[in-house]
Amino acid sequence: MHHFPDARAVVRTLSPDEPVILTRPQAAARAARFFVEHFPGTAMYAVKANPSPDLIRILWDNGVTHYDVASIGEVRMVRALLPQAELCFMHPVKTASAVREAYFTHGVRTFSLDTIEELAKVVAATTDEAGVAATDLRLLVRLRVSSEHSELSLAAKFGVDLVDAAPLLQATRQHCDALGICFHVGSQAMTPFAYVQALERVRAAIAEAAVTVDIVDVGGGFPSSYPGMEPPPLEDYFALIHRHFEALPISYSAELWGEPGRALCAEYSSIIVKVEKRRGDELFINDGAYGALFDAAHVAWRFPVRALEDDLTQPLAEFAFYGPTCDDADYMKGPFLLPEDIQAGDYIEIGMLGAYGAAMKTGFNGFGAVEASVVDDEPMASLYLGRKDDRVSDNVVSLR
Ligand SMILES: *Cc1c(COP(=O)(O)O)cnc(C)c1O
């Protein structure tokens, strides 16, 4: 892969007509080391946030040993890449054949579920041909919790309601070696109290079911930094989670797990796009809703941007983007702040696209082509840079 100091050097050298995905291995390595060193339990990487094999290998090399996989495709891909990794199949709705292959072929022992039917499916699919049931399952019951503190809800689709949790926990206990409770507070949780509230619900579920719980998995939701969405330091999340986990009615040997996706990879990638046309305060660029900018279009996520020309002198103004496809929905309202004199032919770097950005690219309408380069400069924002000590509160450094 090409290697450059930064996005400007890429543009000067290649004058690219296709979008260029830039990766920053050092940023992903730093995020991995931070979670490995500071998260008060086991941090497993949620692969769906960005399934890039290069990224997964960086995380592994920096101490991330557990991977949250959600489909048999992710199981196969991560297993082929990392034969030693611990894979946890954390999608509560799986096909029986996927469970069977994961268990018997790929050594997966950890599964999540949120209904009695899924429990029966997992138990049946992990029973061998002689009719002997598995004795080494780790089963995590997914509890529905509030998404009110998060930018993207994950409360509607999965999770057993607290009122129905006790019988499911009791039934699951009968079939597993280790029983866990998991939840997801929603993506980009802007306050650590989201986890405190969820752990209160875990406490109520354990008390009601009166079962021994071996694993508490606080899921994903750990934030990254975006314009208008600058969260408190991750240490605040970790400290509150640790304190409330310790206070649960569970044994001393119970394990705390987390499933960060976004926080481990958001800083890993950015993209260079070219302005093809300007119409007032709208810029027609060569990537969009069907490319790496899915969230910018569909949930109006604001990613940081910077112009890559040296000769733009005007103050910043607000722009909206149109992507390259012929679809009106290929529109990103922003606002994105760029020099007022930006015009067709200019290049823009859009940052913080490592999570749910680079992973979302499609080939719709023939616009999927992309080049890739590694760059050495820092991401446009970081939760892991500019740390004076372990307890700083101003550790969101904007490098724009
Ligand atoms: C998507 C997902 C994650 C990762 O969530 P982030 O908000 O990216 O941290 C973790 N666990 C499960 C079960 C998920 O579906």
Side-chain angles (χ1 to χ4, degrees), residues 28 31-32 34-35 39 41-52 55-56 59 64 66-75 78 86-94 98 102 108 110-114 118 138-160 180-192 194-195 198 202 215-226 229 231 234 237-238 241 256-269 294-295 298-299 301 303 352-360 383-384:
F34 183 83
F35 266 86
F39 183 73
T42 299
M44 60 171 123
Y45 174 54
V47 170
K48 81 166 186 293
N50 186 334
S52 150
L55 169 66
I56 289 171
L59 298 178
V64 176
H66 288 54
Y67 293 80
D68 161 3
V69 284
S71 60
I72 194 62
E74 288 184 355
V75 171
V78 182
E86 185 74 32
L87 306 187
C88 302
F89 206 149
M90 301 305 289
H91 194 307
V93 185
K94 301 167 284 296
V108 178
T110 306
F111 298 88
S112 77
L113 56 98
D114 63 3
E118 187 74 9
R138 289 183 295 255
L139 299 180
L140 282 80
V141 171
R142 169 105 170 232
L143 196 60
R144 185 196 305 278
V145 299
S146 165
S147 273
E148 66 182 303
H149 298 298
S150 301
E151 297 293 328
L152 291 173
S153 171
L154 288 170
K157 194 167 180 179
F158 299 133
V160 61
I181 301 185
C182 61
F183 56 79
H184 199 302
V185 297
S187 206
Q188 185 77 3
M190 291 301 291
T191 159
Y195 296 88
V202 169
I215 301 161
V216 174
D217 177 350
V218 300
F222 297 96
S224 188
S225 181
Y226 304 90
M229 288 186 276
L234 286 173
Y237 291 72
F238 295 175
I241 287 170
L256 173 67
W257 293 3
E259 305 168 359
R262 179 186 305 280
L264 282 176
C265 61
E267 300 177 20
Y268 178 60
S269 302
F294 183 95
D295 279 348
H298 295 284
V299 292
W301 205 269
F303 294 96
M352 310 302 282
L353 282 169
Y356 310 109
M360 310 295 279
L383 283 187
Y384 309 101

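For ligands, and for the atoms within them, numbers begin at 1 and follow the listed sequence. Residue numbers run from 1 in the order of the sequence given.
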Side-chain donor or acceptor of Tyr237 paired with backbone N/O of Phe39 under 3.5 Å: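 Checking the backbone N and O of Phe39 against the side chain of Tyr237, no donor-acceptor pair under 3.5 Å is found.
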
Please state whether the rings of Tyr226 and Trp301 are parallel, tilted or perpendicular, taking 30° and 60° as the class boundaries. perpendicular

Can you list the residues that meet the side chain to side chain contact (heavy atoms under 4.5 Å, CB included) rule with Arg138, with sequence neighbours excluded? Glu86, Arg109, Thr110, Ala178, Ile215, Trp257

Can you give the donor-acceptor pairs under 3.5 Å from side chains of residues 66-73 to other protein atoms, not counting sequence neighbours?
{"unit_1": "Tyr67", "atom_1": "OH", "unit_2": "Trp60", "atom_2": "N", "d": "3.2"}
{"unit_1": "Tyr67", "atom_1": "OH", "unit_2": "Val64", "atom_2": "O", "d": "2.7"}
{"unit_1": "Ser71", "atom_1": "OG", "unit_2": "Glu74", "atom_2": "N", "d": "3.2"}

Mind listing the N or O contacts between ligand 1 and protein, cut-off under 3.5 Å?
{"unit_1": "ligand 1", "atom_1": "5 (O)", "unit_2": "His184", "atom_2": "NE2", "d": "2.9"}
{"unit_1": "ligand 1", "atom_1": "7 (O)", "unit_2": "Ser187", "atom_2": "OG", "d": "2.5"}
{"unit_1": "ligand 1", "atom_1": "7 (O)", "unit_2": "Gly221", "atom_2": "N", "d": "3.1"}
{"unit_1": "ligand 1", "atom_1": "8 (O)", "unit_2": "Arg262", "atom_2": "N", "d": "2.8"}
{"unit_1": "ligand 1", "atom_1": "8 (O)", "unit_2": "Tyr356", "atom_2": "OH", "d": "2.5"}
{"unit_1": "ligand 1", "atom_1": "9 (O)", "unit_2": "Gly221", "atom_2": "N", "d": "2.9"}
{"unit_1": "ligand 1", "atom_1": "9 (O)", "unit_2": "Gly261", "atom_2": "N", "d": "2.9"}
{"unit_1": "ligand 1", "atom_1": "11 (N)", "unit_2": "Asp68", "atom_2": "OD2", "d": "3.0"}
{"unit_1": "ligand 1", "atom_1": "11 (N)", "unit_2": "Glu259", "atom_2": "OE1", "d": "2.4"}
{"unit_1": "ligand 1", "atom_1": "15 (O)", "unit_2": "Lys48", "atom_2": "NZ", "d": "2.8"}

For residues 150-158, please give each side-chain donor-acceptor pair under 3.5 Å, one per line with the distance, not counting sequence neighbours.
{"unit_1": "Ser150", "atom_1": "OG", "unit_2": "Val185", "atom_2": "O", "d": "2.7"}
{"unit_1": "Ser150", "atom_1": "OG", "unit_2": "Gly186", "atom_2": "O", "d": "3.3"}
{"unit_1": "Ser153", "atom_1": "OG", "unit_2": "Ala155", "atom_2": "N", "d": "3.1"}

Asp217 and Glu259: side-chain contact (heavy atoms from CB on, under 4.5 Å), yes or no, with the steps? CA-CA 8 Å; Asp217 177 350; Glu259 305 168 359; 2.4 Å; yes

